[in-house]
Amino acid sequence: MCGIVAYIGHREAYPILIKGLSRLEYRGYDSAGVALINGSLNIYKKKGKVADLENETAGKNVSGKLGMGHTRWATHGEPNDANSHPHLSQSGDVAIIHNGIIENYATLKEELGNRGHEFKSDTDTEVLVHLIEDVQQNTGCELEEAVRLALHEVVGAYAIVIISKNDPAKLIGARKGSPLVVGIGDGEYFMASDASPIIEYTKNVTYLNDGEMAFIKNGELTVKTIDNVVQTPYIQTLEMNLEAIEKGGYEHFMLKEIHEQPKSIYDSLRGRFNPQTGSFAMRSLKEYEGKIKNLNRIIIVGCGTSWHAGLVGEYLFEEISRIPVEVEYASEFRYRNPVVGEDDLVIAISQSGETADTLAAIELAKEKGATIFGLCNVVGSSIPRASHAGAYTHAGPEIGVASTKAFTAQVSILTLLAFGFAELRGKATKQDLRNAFAELESMPAKVEKTLQCEEKVKQLAEWIKDANNVLYLGRGYGFPVALEGALKLKEISYIHAEGYPAAEMKHGPIALIDENMPVIVVATKNSIYEKVISNIQEVKARKGKIIAIVTEGDDKVKKMADHVIEVPETSEFLVPLIATIPLQLLSYYVAVSRGCNVDQPRNLAKSVTVE
Ligand code: F6R
């Protein structure tokens with residue numbers, strides 16, 4: 001949540017900050033603000049989007065070669081101008097931007113209030129900048145030291161950047177629990193929540209570790225822990241390119257990302273298996289061979305769409321590798337004292353790699369002795385760092401708030417892992433692997449073909465767009481697909497939708513069905529196809545209107561359903577990779593035709609770094 005970007009160097013900071021904020025807007029869009037130093041410290045901030053901030057600054061003095069910007073997803077204090085970042089210290093000389101939550105802010109605020117501090121906002125962040133100035137005034141130390149000392153008094157999560165009118169050659173950042181990356185250019189430095197605002201200028205970056213701070217002072221970068229131990233920063237060169245974070249001719253990032261799936265699935269699998277020999281090339285499988293052979297259970301943790309991928313994982317690991325699996329919402333797992341032990345493998349799934357609940361679930365499982373495998377998309381993010389082993393999904397930057405290509409990449413790797421584990425545990429032969437890999441290898445082409453349903457889906461969207469409720473049904477591998485379809489629709493079009501196991505419908509939700517209820521059924525050919533057909537009949541008997549996702553050439557369902565969307569035939573365990581695509585497109589076109597902001601749905605943010 002919240003995006004932060006900062007610059008110090010030889011260029012004008014404002015255009016870099018505004019462009020950076022637009023790229024980070026997926027992290028939150030309740031308000032935006034910038035602070036610039038050019039003799040004086042100028043702050044502009046506004047409730048609303050980055051575009052509103054640009055209107056606010058039109059014709060004003062935005063010069064300065066040191067500056068920082070923030071886009072907010074509100075936690076403490078409603079979204080309004082006063083609660084927008086940057087926030088100022090008591091004297092107005094020091095400014096801060098912050099991503100995260102200062103949990104003990106109320107106590108700190110009271111103490112500072114007793115010492116005469118006055119606050120202009122309801123935020124936890126303002127308290128921190130007051131504290132920093134208070135420490136500096138009381139100790140007479142340098143600003144970076146005051147930041148370090150103040151952070152010792154703070155409980156919570158943060159990525160912060162600080163600048164001061166009195167230190168125009170200094171940029172200070174720190175992180176604990178929220179990401180912060182430092183970009184190292186030629187005589188210039190950047191700080192940001194992710195690399196997207198930076199890569200246009202430099203590909204050399206260092207990701208701060210938890211509990212580290214970085215400061216640029218007179219053109220030199222220093223990284224140290226908040227316990228004052230100087231660190232040698234690990235500087236890496238990013239491979240990300242600019243096109244990956246731009247819309248490339250599509251109207252929305254979500255549509256671009258849906259269309260990228262043939263490539264992102266290919267990229268997620270590339271070089272990880274050989275269909276001719278049936279062999280794997282995944283380092284983590286090799287390293288943890290002994291563990292995988294003997295493990296007792298897999299626990300999959302994640303949130304939202306990643307949790308849905310986890311459900312697909314459960315079906316895959318149980319069916320293919322014959323390992324018992326539990327899939328847990330990370331937010332529940334972390335607080336319910338689960339039984340976890342050394343023989344358990346916890347697979348943590350997260351696109352962003354920063355989801356606070358998933359991170360906390362990992363920490364808990366680690367304390368209990370489990371081995372953690374992180375399955376994440378964002379390279380260098382917190383979850384891979386907190387995991388013992390893992391794999392990146394390599395889906396490329398996902399910017400639309402609704403997750404699409406990350407889901408199919410997660411499912412692709414889970415499929416691969418299920419076969420890898422199966423082989424290690426003697427549950428799959430080389431021939432099984434060769435067959436499965438050949439099918440997996442054909443997925444990008446099949447997804448490409450599935451995308452041809454776009455025009456048809458567009459028409460159906462016109463019909464769905466006026467519905468108040470939509471039911472999504474599926475069985476077996478179709479069930480997580482139904483859940484994911486329903487989540488996509490509700491989050492971007494604000495139509496209430498429920499995903500349900502088709503056979504469970506008769507235990508309650510069938511009461512909802514009447515002639516106004518669109519029911520979307522995943523009815524591809526599989527081992528329980530006939531059972532799904534019976535469920536379709538049950539809906540028809542109650543006058544429900546059916547859109548069915550069917551295997552191409554299917555005549556049976558076509559006769560019963562009001563509309564069908566055909567998808568290519570594939571093995572049952574690969575259905576989620578195919579059947580999810582029309583549902584993503586459907587929610588996209590419904591949202592567009594309802595005039596919703598597809599890439600930035602209300603109340604949401606891409607990366608949920610607060611619990
Ligand atoms: C839905 C969506 C969210 C995320 C969830 C977890 O489209 O994007 O439900 O899946 O917030 O995020 P990650 O995967 O980053 O942990």
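When a ligand or atom number is given, it counts from 1 through the structure's own listing order.
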Determine, step by step, whether H70 and R27 satisfy the side chain to side chain contact (heavy atoms under 4.5 Å, CB included) criterion, reporting the C-alpha distance in whole Å, the side-chain angles of both residues, the deciding distance to 0.1 Å, and the verdict.
CA-CA 10 Å; H70 185 270; R27 300 177 68 89; over 6 Å; no

Any idea which atoms of ligand 1 are less than 4.0 Å away from a heavy-atom of [X]?
X    : result
S350 : 13 (P), 14 (O), 15 (O), 16 (O)
A402 : 7 (O)
G304 : 9 (O), 10 (O)
Q351 : 13 (P), 14 (O), 15 (O), 16 (O)
S306 : 10 (O), 13 (P), 14 (O)

So which heavy atom in the protein is nearest [atom], and how far is it from that ligand atom?
atom                    : value
atom 5 (C) of ligand 1  : C303 O, 3.6 Å
atom 16 (O) of ligand 1 : T355 OG1, 2.4 Å
atom 11 (O) of ligand 1 : V608 CG2, 4.0 Å
atom 10 (O) of ligand 1 : T305 N, 3.0 Å

Examine ligand 1 and decide if any of its atoms is less than 4.0 Å from a heavy atom belonging to K488.
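A heavy atom of K488 does come that close to ligand 1.
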
Should V378 be listed as contacting ligand 1, given a heavy-atom distance under 4.0 Å as the test?
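It does not, in that no heavy atom of V378 comes within the 4.0 Å cut-off of ligand 1.
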
Below 4.5 Å, heavy atoms only, C-beta onward: do [X] and [Y] meet side chain to side chain?
X    : Y    : result
M254 : K488 : yes
L577 : L574 : yes
F421 : I298 : yes

Return a yes/no value for V401: is any of its N or O atoms, backbone included, closer than 3.5 angstrom to an N or O of ligand 1?
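There is such a contact, yes.
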
Using a 4.0 Å heavy-atom cut-off, which part of T358 comes near ligand 1: side chain, backbone, both, or neither?
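No part of T358 is near ligand 1 at this cut-off.
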
Which bit of E491 is near ligand 1, meaning a heavy atom under 4.0 Å away: side chain, backbone, both or neither?
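The answer is the side chain of E491.
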
Write down the atom of P197, the atom of R23, and the distance for their closest heavy-atom approach.
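In terms of heavy atoms, the two residues are closest at CA-NH1, 4.3 Å.
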
Taking the ring of H388 and the ring of F373, is the distance between their centroids below 6.0 Å?
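Ring centroids of F373 and H388 are no less than 6.0 Å from each other.
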
I'd like to know whether the aromatic ring centres of Y477 and Y315 sit less than 6.0 Å apart in this structure.
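Close enough - the centres of the two rings lie under 6.0 Å apart.
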
For atom [atom1] of [X], is the number of surrounding heavy atoms from other residues, nucleotides or ligands below 6.0 Å larger than 12?
X    : atom1 : value
K49  : NZ    : yes
Y494 : OH    : yes
E318 : CD    : yes

From S352, A309, A330 - option closest to atom 15 (O) of ligand 1 by heavy atom
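The nearest heavy atom belongs to S352.
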
